[in-house]
Amino acid sequence: MVQESRKQYQFALDPVYEDKFVTNSVNPRKRVLTEIKHALLEADSFDTAIAFITKSGVMSLYQALEEFGERGCKVRIVASDYLNFTQPEALDSLRKIPGVEVRLLQGKQYHGKLYIFNKGDNSKVMVGSSNLTQSALSSNEEINFLYSKGAERIRQAKFQFEQIWSNSVVVDGKVLEQYQKQYDKHQARNPKNVFQLESFTPNELQELALENLRKSRLSGKKRGLVVSATGTGKTVLSAFDVRQTKAKSALFLVHRTNIASKSMQTYQTILKDEYSFGLVGGKANEWGADFLFGTVQTIARPENLKRLDSRQFDYIVIDETHRASAASYQRIIEHFEPKFLLGMTATPERSDSQDIFSIFDNNIVCDIRLQDALETDILCPFHYFGIADLSHVESDDLSLAQLTRDQRFEHILTQSEKLGADSTPIKALCFLSRVEEANRFAEYLISKGLSAVALSGNNSEVEKQQAIKKLENGELQYIITVDIFNEGIDIPSINQIVMARPTQSAIIFVQQLGRGLRKADNKEYLTVIDIVGNYDNNFLIPIALYGDRSRNKDTLRRLLRSEETLLPGESTISFDRIAKERIFKAIQTSPKIGIRELKTEYALVKAKTGKTPTLMALRKHGDLSPLMFCRQSKINSLHDFALKYDKEYSHNHLGEFPLLGLLVKEALDGVQAFEPIALKLLIQGKTLRYETFKQACNQQFGIATSEKNFKDCLRVLNLEFGQPNGYSEFQVVDLDSNSLGRDIDKFDVTQKALLNDAIENALSEFEVRQSIGRFNDGFVVGAKYTYKETFRILGWSKNPNPQNIGGYSYNRETNDCAIFVNYNKDESISASTQYHDVFLSRSRFHWTTKNKRSLNSPEVRALLNQNVNNLRVPLFIRKEAASEGSARYYIGEMSAIKGSEKETMVGGQKAVSIDFELDQPVPQKLYQHLVNKV
């Protein structure tokens, strides 16, 4: 027997590589970029020979290449000058990354795409159609083949690369300068624009919104609300709808005169010379125009409302409608009687707004969020970089404070210049938190020979407009701003956003990001640099980037691990190690959703729909998981919640409804699909046969079932699992006849409606869970399960006491041994429970039993005889107990490797260690999350 430590283990070469095609896909969401990043995580060096490389392609991989170099791994990249497509800026960016060697293949019609990920006998090669451009890596119809089998094929690929490498030249300053001239000459002969600014035709989402508006009016609606992300063309949409209605007069309301002027120009472009257009406000006084554009402050004045007839305008548009509950807006709305009133906003749920939905008769004609706009290519793609801020030094010593401040400014500028913009000069908008800091940063930039200006609420509108004009004309490189420009400005040419302030609001984060997402001539992408400090609110960053406001910690962790994989379009997301660590920490320590937030969400959905919310309405129109409303103290169902907090609740007459709460708590939680499917079928047909159940499970979710699954789920539905003695006072299922139990059978119409809502929500919840990974006999790889959920799925007759589990639990009756691991052990736990559990590779796991066990212990013998007894051994892991709650990730099924078992010592007591083979390799991102410190 030996005392073990992780350093002793012989880590296996991972035999998990498989040959496969690599493509971009929307559904399921896949990117070539993701496969390259995954392969880099496993490689020791990287060689690639690519025909075409653009700056956008480099930015897509920048963080991955930089981290690859930090690991001491070497990169060799060959680009081609064929057709002068490769951008000189791309070559320059690549050669500045530590560990990257760049060469240029000159004068050859090279059109190949060869990627080699070197790792001894486990090397991989990818060949196909993908160049190193953001489109090829993320959205184009590409076909590549990734292979690791066949030593001769891999040898030939490496030989081919060496031939290309030896025939290319090193990209030094001289070669780069020569190629720049060659490239510029070609561009002058073949000019191209990425985006034509004046192409005012409805885009895909605007077409849908216009159709919804038309149908809305046909149904008798006189008001409507457009919810649309910043930069998606709300003003353009409204102009097309005004034209669609053939309105003879219109009023367009905004909160700033400069926006009114720009909006009028847009209308004039779309509507041409059919009408007269006029501005009011400031020095403008064009009240007689057919189409009037002005600020709310101007129109809302009593003397101005008196001069305007209540029916003067056929159509009224209110921009930034989240402000519409203010008194000035209300005076205008109450005064006029237009044929149609349209509200427009990107942020209807703003915390400072009241119920704006009822103002527009709860008629939401479209809801276009940032992710929708990215999916349909309405907005410019962005490359987001989360960069750790320098640690702050608090000191009364002014010289030290100055040094610390200048070091931070240098850090921000270094990142800005390193990451740069697309192929055009930097035009940056920087958000800081304090006016004094913004002024000093502008001075710092100027001292470095850069052009910059600081703007805040202290500056006049004229000063702000002058700065914007200079930035657009290229006379200014940086605008540093505090508490302004979150909304209401339009600077399409911005190609870099710097967020050097704590994230206090996901809404404001998206607004600031949106300042740079408008398309412009020759603007290929937006660079976003987020300087991530050590702040409690960092958990808001993934909420903002991915649009997931559920506040589910496991969902946020999964999104953070996925980086851009789950993001639509060509945009990418990268974090450096420390920034990611800070965000993971903030997710764990983020406050739990409390009653106050649940009440706000409930009221918001009620306002949106104009009805009492159901679970499915909360799922469709809300952000938080509907089950959060069912997991509060003494509240087990949405009915319980509404009974307590909604004075207008339409089902108050039911009073307490404990059976509904018990079913949601014990069976209709979406952990698995069997219970809601079975109960739905029972309600429809009164009795249920296994074949019907089996067919329904396969049709709805494509999952296989067994008669054991069927019997187990009926028992769970009958509330016989959750408590030691079940809930014998209720009969949900008559287990003797597999029919609907007496208590459900006597439900009235309202009770059945509430139960059906809970069933549909459970099915939707499982659908979300199933999307996480591969379904495997009840469990989803990568999804998290508590002890109780695990044993329920395994079909245990009762839920065991968690204190009796101790790392694993063996059950002869169900023939399984579920293993539960805390991967990073808490140093404070006793030596006798410091078990040595570690991945040897993505396919192999080394595990240690409880202490006081030998090779003759019953569970050890059962584990070592799996080939005879078919024992099921599912593995569940959480990274560490302190940071990931009580649930663990389901990793997969394991088989003990014969001959690996040996007796060892843990904390001075005998135990047994065994190596296991997993049925499938652990998904790469989940594996990295578990084994790495971050």
Side-chain angles (χ1 to χ4, degrees), residues 55 58-59 62 66 87-98 171-174 176-177 179-181 183-184 383 385 387 389-390 398-456 458-459 463-482 484-485 491-501 515-516 520 522-531:
K55 182 80 178 291
V58 175
M59 288 297 102
Y62 192 94
E66 192 170 59
Q87 294 175 339
E89 298 92 341
L91 300 177
D92 194 35
S93 293
L94 282 170
R95 73 192 189 105
K96 291 176 181 177
I97 301 175
V171 177
D172 54 18
K174 183 178 179 181
L176 191 62
E177 182 182 356
Y179 180 63
Q180 181 75 60
K181 291 177 181 178
Y183 178 84
D184 290 342
H383 297 297
F385 297 90
I387 307 294
D389 202 351
L390 298 181
L398 294 180
S399 61
L400 180 58
Q402 171 72 36
L403 175 63
T404 303
R405 184 176 61 238
D406 287 353
Q407 286 176 338
R408 184 170 188 262
F409 289 164
E410 181 184 4
H411 177 58
I412 296 170
L413 178 58
T414 297
Q415 298 302 323
S416 173
E417 293 186 328
K418 179 179 78 171
L419 297 171
D422 54 9
S423 56
T424 57
I426 291 176
K427 295 182 180 180
L429 183 59
C430 306
F431 294 95
L432 272 71
S433 55
R434 299 190 308 279
V435 174
E436 180 189 6
E437 183 185 30
N439 290 332
R440 290 184 180 276
F441 186 41
E443 292 169 2
Y444 175 84
L445 293 173
I446 292 169
S447 73
K448 298 296 181 181
L450 301 167
S451 53
V453 65
L455 297 176
S456 69
N458 299 329
N459 294 92
E463 290 173 317
K464 295 171 190 174
Q465 291 305 311
Q466 286 176 343
I468 291 171
K469 188 175 181 180
K470 286 183 178 180
L471 189 79
E472 289 182 311
N473 293 339
E475 300 172 49
L476 193 62
Q477 293 167 282
Y478 292 87
I479 292 179
I480 321 298
T481 177
V482 179
I484 60 171
F485 290 179
I491 317 176
S493 61
I494 289 174
N495 54 24
Q496 186 183 94
I497 294 284
V498 179
M499 300 174 176
R501 78 291 170 270
R515 294 308 106 204
N522 297 314
K523 176 179 171 183
E524 190 175 2
Y525 65 88
L526 169 72
T527 301
V528 183
I529 302 170
D530 190 3
I531 306 298

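Sequence positions, counted from 1, serve as the residue numbers for this chain.
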CZ of Arg501 to OG1 of Thr481, rounded to nearest 0.5 Å, is 11.5 Å

Between the CZ atom in Phe441 and the CD1 atom in Ile446, the distance rounded to the nearest 0.5 Å is 11.0 Å

Sorted by chain and number, sequence neighbours left out, side chain to side chain donor-acceptor pair (under 3.5 Å) with Ser433 holds for none

Ignoring hydrogens and geometry, is there a side-chain-to-backbone donor-acceptor pair from Asp92 to Pro88 under 3.5 Å? no

Those residues at least two apart in sequence (or on a different chain) that pass ring-ring contact (aromatic ring centres under 6.0 Å, His included) with Tyr444 are Phe409

Discussion item. Would Arg95 and Leu176 count as a side chain to side chain contact (heavy atoms under 4.5 Å, CB included) here? Give the steps.
Written reply: CA-CA 10 Å; Arg95 73 192 189 105; Leu176 191 62; 3.7 Å; yes

Tightest non-hydrogen contact, residues Leu476 and Leu471, listed as O-CD1, 3.2 Å

Taken in chain and number order and not counting sequence neighbours, the residues that satisfy side chain to side chain contact (heavy atoms under 4.5 Å, CB included) with Gln496 are Ser416, Ile426, Ala428, Tyr478, Val498, Thr527, Ile529

Closest heavy-atom pair, Ile497 versus Gly516, reported as atoms and distance to 0.1 Å, is CD1-N, 4.0 Å

Between the CD atom in Gln180 and the OH atom in Tyr183, the distance rounded to the nearest 0.5 Å is 8.0 Å

Looking only at heavy atoms, the pair that brings Arg515 and Ile494 closest together is O-CD1, 3.8 Å

Check for a donor-acceptor pair, side chain of Asp172 on one end and backbone N or O of Lys174 on the other, with a separation under 3.5 Å. yes

Please walk me through it: do Leu450 and Leu413 pass side chain to side chain contact (heavy atoms under 4.5 Å, CB included)?
CA-CA 10 Å; Leu450 301 167; Leu413 178 58; 3.6 Å; yes

In short, Leu526 meets Asn495 closest at the heavy-atom pair CD1-C, 3.3 Å

Taken to the nearest 0.5 Å, the spacing of Gln415 CD from Glu417 CD works out to 10.5 Å

Residues pairing under salt bridge (Lys or Arg N to Asp or Glu O under 4.0 Å) where one sits in residues 419-438, two or more places apart or in two chains, turn out to be Arg408-Glu437, Glu436-Arg440

Residues passing the salt bridge (Lys or Arg N to Asp or Glu O under 4.0 Å) test with Lys418, sequence neighbours excluded, are Glu66

With sequence neighbours left out, the residues meeting side chain to side chain donor-acceptor pair (under 3.5 Å) with Gln466 are none

So NE2 of His383 and CG of Leu419: to nearest 0.5 Å the spacing works out to 11.0 Å

Query raised in the report: Would Glu443 and Asn439 count as having a side-chain donor-acceptor pair, cut-off 3.5 Å?
Result: no

- request: Answer with yes or no whether the side chains of Thr424 and Asn522 bring together a donor and an acceptor at under 3.5 Å.
  value: no

When every non-hydrogen atom of Phe385 is compared with those of Met59, the smallest separation belongs to CZ-O, 3.6 Å

d(Ser451 OG, Glu475 CD) to nearest 0.5 Å is 9.0 Å

| said: Would the distance check show the side chain of Gln87 and the main-chain N or O of Lys55 forming a donor-acceptor pair, the cut-off being under 3.5 Å? | reply: yes

Side-chain heavy atoms of Leu94 within contact of Val171, under 4.5 Å
no

Closest non-hydrogen contact found for Ala467 with Val453 is CB-CG1, 4.0 Å

